[in-house]
Number of protein chains: 2
Amino acid sequence: MTEPTETTTHADPAPADAAVLVRDAVDADRAAALVGSCTVDYDGRASGHVDPGVRHVVRQPDGTLLVHGATGHRPLAWHAGDGDFTTTATADDRLVLRAESNTEELTVALDAVHALTVYDPDDADKDVQGTEADVVSRLLNDPDLVESGFTPLATERDTPAGPVDIYGRDANGRICVVEVKRSRVGPDAATQLDRYVRALREDLHTDSDIRGILVAPSVTQKCRDILLERGHDFSPFEA
Amino acid sequence: MTEPTETTTHADPAPADAAVLVRDAVDADRAAALVGSCTVDYDGRASGHVDPGVRHVVRQPDGTLLVHGATGHRPLAWHAGDGDFTTTATADDRLVLRAESNTEELTVALDAVHALTVYDPDDADKDVQGTEADVVSRLLNDPDLVESGFTPLATERDTPAGPVDIYGRDANGRICVVEVKRSRVGPDAATQLDRYVRALREDLHTDSDIRGILVAPSVTQKCRDILLERGHDFSPFEA
DNA sequence: GCCTAGGTCCCGTCT
DNA sequence: AGACGGGGCCTAGGC
């Protein structure tokens with residue numbers, strides 16, 4: 001009975017027709033993509049407004065509502081996939097899409113719909129390689145990449161300040177906290193490492209006999225300064 | 001001569017036809033939105049692959065290429081608006097979109113195009129209120145919100161560790177570094193404030209006579225612990 | 001060009 | 001549910 005539904009496109013639908021089409025798409029857990037002239041109003045954690053213009057509006061089956069403009073990766077406005085979604089054809093012939101949750105609301109008011117496409121997006125099976133976790137694997141397979149003679153003892157070892165990427169011992173048997181980053185890092189990475197080292201020193205009552213090692217392709221100067229000031233080391237490693 | 005171009009939609013175009021339509025859209029600085037079945041391959045800072053499925057693919061006039069799936073705000077894959085973009089109809093009747101820059105490449109291979117919309121998105125005039133800058137303005141207008149008797153002296157005052165949000169004096173004349181956040185914060189905000197305070201103490205050679213004040217709606221326990229340990233204060237303020 | 005920090009960050013993961 | 005950290009983070013502003 002349920003055969004693969006087809007993608008349907010509509011050129012210049014009247015707002016009242018578009019309202020029905022979008023509502024049907026939502027009811028059928030389908031996606032609706034609109035191109036049209038609209039204003040956008042957001043209110044929630046912050047608030048915002050987008051002046052009239054032609055935008056690309058997408059309502060996904062998970063409830064996400066996105067408004068894309070002409071540039072950039074990020075939507076001009078968006079709403080997470082929870083809460084209510086309503087489509088209304090107004091008396092003055094506009095199509096109003098409204099997503100509303102406990103804390104946020106997003107209203108897209110289209111005075112013209114140039115195109116409407118209803119379709120069935122698939123859930124995505126996505127592989128990514130080159131993440132921080134991949135770098136950690138490499139370092140565990142060849143611990144000398146951290147430092148000659150390094151021995152890993154655990155990953156994600158808990159400290160009062162949070163879990164450390166790699167916990168181990170150096171060639172002299174000193175405990176090491178290793179923080180791994182996949183790309184060049186700034187001051188935040190150095191202070192993150194420092195927090196873990198300090199927490200572990202306090203936890204183990206071994207005042208300063210714990211080393212901190214930051215593994216990353218490279219560090220900025222301010223990062224290097226902080227490492228130096230706090231007595232931690234930088235070990236360059238490029239994935 | 002150049003009248004407002006219209007949005008055009010095409011249902012189930014042949015890949016060869018779609019290739020021409022997308023290429024024309026790119027040449028005319030227009031946007032193209034496709035719905036179709038495709039695989040996605042990315043290589044660059046990391047690498048990734050998306051298994052076959054129906055996706056929403058958008059090429060914006062600034063060169064951005066986005067692939068959206070069924071869920072979430074973030075694209076399954078994307079490419080920034082620089083470098084080359086090519087559309088190819090292959091011998092085996094697929095449409096291949098390829099965005100390539102010095103460091104990154106993204107390939108979308110569609111075996112079927114269900115819908116293609118070409119349109120002219122407008123540049124966006126966007127207002128946002130409730131940002132951190134807005135909170136700073138409020139605090140400058142009514143410095144008692146930071147702390148009774150607080151006197152602001154500068155915003156974005158430079159220190160060796162970077163510019164501080166608000167620099168001023170408390171009721172007793174002590175120098176204060178104020179870090180402002182618009183929402184509940186964790187350990188990172190506390191260490192950021194601490195870096196500024198330490199840098200300024202070193203810079204002004206006034207060993208510990210500089211206070212750190214974190215202004216935010218609320219803080220997590222770990223954040224509170226760090227503030228306490230480093231001797232800084234928390235001043236709750238909700239926008 | 002790099003660096004720094006904000007973001008309606010989003011998002012997964014774990015407590 | 002809150003919290004914590006990663007992200008191909010993206011993006012804006014300085015220098």
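Quick note on labels: first sequence line is chain A, next is B, and so on, each numbered from 1.
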Rounding to an integer number of Å, can you tell me how far [X] [atom1] sits from [N] [atom2]?
| X | N | atom1 | atom2 | answer |
| --- | --- | --- | --- | --- |
| Arg157(B) | dC15(D) | CZ | P | 14 Å |
| Asp41(B) | dG8(D) | CG | P | 16 Å |
| Lys181(A) | dC9(D) | NZ | P | 11 Å |
| Asp158(A) | dA3(D) | CG | P | 17 Å |
| Gln192(A) | dG5(D) | CD | P | 6 Å |
| Glu132(B) | dG13(D) | CD | P | 14 Å |
| Leu66(B) | dC9(D) | CG | P | 16 Å |
| Arg184(B) | dG5(D) | CZ | C1' | 16 Å |

Assign each of Gln221(A) and Gly44(A) the nucleotide of DNA chain C bearing its closest heavy atom; nearer the 5' end lies the nucleotide of Gln221(A)
Nearest-nucleotide check on DNA chain C, Glu104(A) vs Arg195(B); residue mapping nearer the 5' end is Arg195(B)
For nucleotides dC9(D) and dG5(D), find the distance between their C1' atoms and express it as a whole number of Å. 12 Å
- Task: Write down the distance separating the P atoms in dT4(C) and dT8(C), rounded off to the nearest Å.
- Result: 23 Å
Just checking [X]: base, sugar-phosphate only, or nothing, at a heavy-atom cut-off of under 4.0 Å?
| X | value |
| --- | --- |
| Ala189(A) | nothing |
| Pro187(A) | sugar-phosphate |
| Thr131(B) | sugar-phosphate |
| Glu179(A) | sugar-phosphate |

Flag, side chain of [X] to backbone of [Y], donor-acceptor distance under 3.5 Å:
| X | Y | answer |
| --- | --- | --- |
| Thr155(A) | Ile166(A) | no |
| Thr87(A) | Ala19(A) | yes |
| Arg230(B) | Thr191(B) | no |

Next item on the list: Check the pair Arg98(B), Leu106(B) against side-chain contact (heavy atoms from CB on, under 4.5 Å), reporting the backbone distance first and the verdict last.
Entry: CA-CA 6 Å; Arg98(B) 189 178 169 78; Leu106(B) 177 64; over 6 Å; no
Assign each of Tyr196(A) and Ala46(B) the nucleotide of DNA chain D bearing its closest heavy atom; nearer the 5' end lies the nucleotide of Tyr196(A)
What do you reckon, are the aromatic ring centroids of Tyr42(B) and His49(B) less than 6.0 Å apart? no
Original post:
How about Ile213(B) and Ser235(B): do any of their side-chain heavy atoms sit closer than 4.5 Å?
Top reply: yes
Just so I know, are the side chains of Asp165(B) and Val135(B) near enough to count as touching, which here means a heavy-atom distance under 4.5 Å?
no
First and last nt of DNA chain C near chain A, cut-off under 4.0 Å to heavy atoms, 5' to 3', are dC3(C) to dC10(C)
- Query: If we call it a pair only when both distances are under 3.5 Å in a Watson-Crick or G-U wobble match, what pairs with dG6(D)?
  - Reply: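 Matched dG6(D) with dC10(C) under the 3.5 Å cut-off.
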SB check Arg211(B) Glu147(B) (cutoff 4.0 Å): yes
Discussion item. Val108(B) and side-chain contact (heavy atoms from CB on, under 4.5 Å): which single residue from Val96(B), Val67(B), Leu76(B), Val50(B) fits?
Written reply: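 In the set Val96(B), Val67(B), Leu76(B), Val50(B), the residue that makes a side-chain contact (heavy atoms from CB on, under 4.5 Å) with Val108(B) is Val67(B).
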* Above 12 or not: heavy atoms from other molecules or residues under 6.0 Å from CG of Asp142(B)? -> yes
Residues of residues 70-79 of chain B with a heavy atom under 4.0 Å from any atom of DNA chain D, listed by number, are Ala77(B), Trp78(B)
